[in-house]
Amino acid sequence: MTTTQHQFLLEPYKGSRTRHRCPGCGKPREFTRYVDTQTGQHVAAHVGKCNRENKCGYHYTPRQYFLDNPTEEARAWLQSDQHLKTYTPPPPPPVDYIPPRYLERTRQQLEHNNFYRFLVKLFGEAEAARLADLYKLGTSKKWEDFSGLPVAFWQIDQAGNLRQVKIMAYHPETGRRIKGKTRIIGKQLKPGGNLVQCLFGEHLLSAAPSAPVAIVESEKTAVIMAGVYPDCLWLATGGKNGARWTEQEVYQALEGRNVVLYPDLDSTEDWAERAKILAAACESVEVSTYLKDNTPPEDHREGYDLADYFIKRLLSPDQEQTTAQADQEAREGFALPPGWQWEELNLKHGTHRVLIDHDGLPASWNYNPRTKRETLAVMIAEQPLVNSLIQTFDLQL
């Protein structure tokens, strides 16, 4: 490796404005242009390298450009030794992970976890336990409020590695976050480690490679919406800029997926711009206006998110009726991937609506090929517990 810097370098990443549409494959936000380090200017719009090395491989160098477009300046540069020199930046340090033993320790005392207590209030004990297991919710002893403890939201990648953990305190009755009591503590568990965050809930992607993905901002919202609308995989960014989710090393986990973004009410326009970045990797990306279209002005002023909208219905006096209403609203209002549809099944206990994917299979299970589609659909429609059993034990039907 030489330390003599080349006159022309691939432009360092400084946000989405430094990534462009590739002239080779046409993918947006995947093309890095070469810049002249002496002038700071791009060489030409098509001189650069596609980030999708395996799928595209487009790489048009300044040397080839000057050979193809000879000028006096280009010839002088080619006759010098500048174009023979290479500059290889040092490789990024390897990603470190939090040891699994820390997650296991937090899986204790769930009954004292204030966020879990709120889930029980919303959905009942069985469903709360399912959601806690699905997202590997933990309990921290960092603070004590209302005779309970804060929740540990673990960031787990598709390979099952622990990337980061966020401790958050919630009110067990209202589900509201207690201000000033949020900590990201991964560095304490892995001192000096190179911890790179991922989307909360990313570990769910590997178990369901074809299921539609819904992305929200907060971890709390992802967990609650997984109880309201379990047909999607619910992931969270952990904040407006959480996990640096619009950088390629993070959003590449969504490659080939059908994704719907559900921004908070104060982030709709911002997320519409971010959707353009994710489109480079995803099969499809939509930004839902469901929340914006179905909330009154006072909710807009509060900056409500999707969970707030459904919590109001789940906690109303007539909870049984509003739970069914919330479920129906969710199923009718959420965007579906292309080719997916609701199908009415006439069963002995009445008519049931089942979500069918583009392969004609019940959507929740499309990643396990079935031959007895209607039988499985009937089981799911008549007994939702089948959902939990298949997911929990990874049954091959």
Side-chain angles (χ1 to χ4, degrees), residues 27 29 130-131 134-136 153-160 163 197-240 242-264 267-268 270-291 305-307 310 330-331 333-342 355-359 361-368 387 390-391 394:
K27 284 284 187 179
R29 311 291 182 182
R130 183 187 77 84
L131 294 172
L134 189 66
Y135 286 94
K136 307 301 180 188
F153 290 123
W154 287 95
Q155 290 180 9
I156 309 173
D157 65 23
Q158 290 194 77
R163 295 295 194 99
Q197 296 189 56
C198 68
L199 293 165
F200 173 73
E202 183 183 304
H203 64 285
L204 303 176
L205 296 173
S206 57
S210 299
V213 176
I215 298 180
V216 293
E217 184 173 317
S218 80
E219 296 89 349
K220 163 192 163 182
T221 300
V223 176
I224 290 175
M225 291 309 302
V228 174
Y229 188 74
D231 296 292
C232 282
L233 300 182
W234 291 89
L235 278 57
T237 64
K240 290 183 179 180
R244 299 189 302 176
W245 62 286
T246 53
E247 294 192 8
Q248 186 183 15
E249 63 180 338
V250 178
Y251 71 69
Q252 66 186 2
L254 303 170
E255 185 169 0
R257 308 300 292 237
N258 293 296
V259 177
V260 182
L261 305 180
Y262 292 96
D264 294 359
S267 303
T268 303
D270 181 42
W271 278 39
E273 288 300 312
R274 294 169 187 241
K276 299 175 184 177
I277 301 175
L278 268 61
C282 301
E283 179 70 22
S284 66
V285 182
E286 297 181 41
V287 180
S288 173
T289 59
Y290 177 80
L291 187 61
D305 66 14
L306 205 56
F310 285 105
R331 293 178 180 274
F334 285 85
L336 297 178
W340 294 46
Q341 62 183 352
W342 290 104
L355 186 60
I356 303 298
D357 69 9
H358 50 69
D359 293 322
L361 300 174
S364 298
W365 321 118
N366 68 308
Y367 50 90
N368 287 329
N387 258 3
I390 293 176
Q391 276 191 324
D394 193 23

Heavy-atom donor-acceptor pair, Asp157 side chain to Gly160 backbone, under 3.5 Å: yes
Test item: Leu233 and Arg257 side chains (from C-beta on) under 4.5 Å apart, heavy atoms: yes
Residue pair Val216 / Asp264, side-chain heavy-atom distance below 4.5 Å: no
Flag side-chain contact, heavy atom, 4.5 Å: Thr246 against Leu278: yes
Considering all heavy atoms, the nearest Leu205-Gln158 contact: CB-OE1, 3.6 Å
Aromatic ring proximity Tyr135/Phe153, centre distance under 6.0 Å: no
Point-to-point distance, once rounded to the nearest 0.5 Å, from CG of Leu131 to CD1 of Ile224: 9.0 Å
Residues in side-chain contact (heavy atoms from CB on, under 4.5 Å) contact with Ser218, at least two apart in sequence or another chain: Lys220, Thr221, Asp305
Closest non-hydrogen atom pair between Leu261 and Pro263, with its separation: O-CD, 3.3 Å
Salt bridge (charged side-chain N to carboxylate O under 4.0 Å, His left out) partners for Glu202, two or more places apart: none
From CA spacing to verdict: side-chain contact (heavy atoms from CB on, under 4.5 Å), Val260, Val213: CA-CA 6 Å; Val260 182; Val213 176; over 6 Å; no
Glu217 side, atom CD; Thr237 side, atom OG1 - distance, nearest 0.5 Å: 5.0 Å
Gap separating the CD atom of Glu283 from the OG atom of Ser210, nearest 0.5 angstrom: 10.5 Å
Side-chain donor/acceptor of Gln155 to backbone N/O of Arg163, under 3.5 Å: no
Closest contact, heavy atoms only, Arg29 versus Ile277: CG-CA, 3.8 Å
Expected output: side-chain His203 to main-chain Lys136 donor-acceptor under 3.5 Å: no
Heavy-atom closest contact (Val259 atom, Cys282 atom, distance): CG2-SG, 3.7 Å
Non-hydrogen atoms of Leu306 and Leu291 that approach each other most closely: N-CD2, 3.7 Å
Residue from Phe310, Trp234, Trp271, Tyr290 passing ring pair (Phe, Tyr, Trp, His ring centres under 6.0 Å) with Tyr262: Trp234
4.5 Å side-chain heavy-atom contact, Val250 and Leu199: yes
Over all atoms of both residues, closest heavy-atom pair of Ala275 and Val287: CB-CG2, 3.6 Å
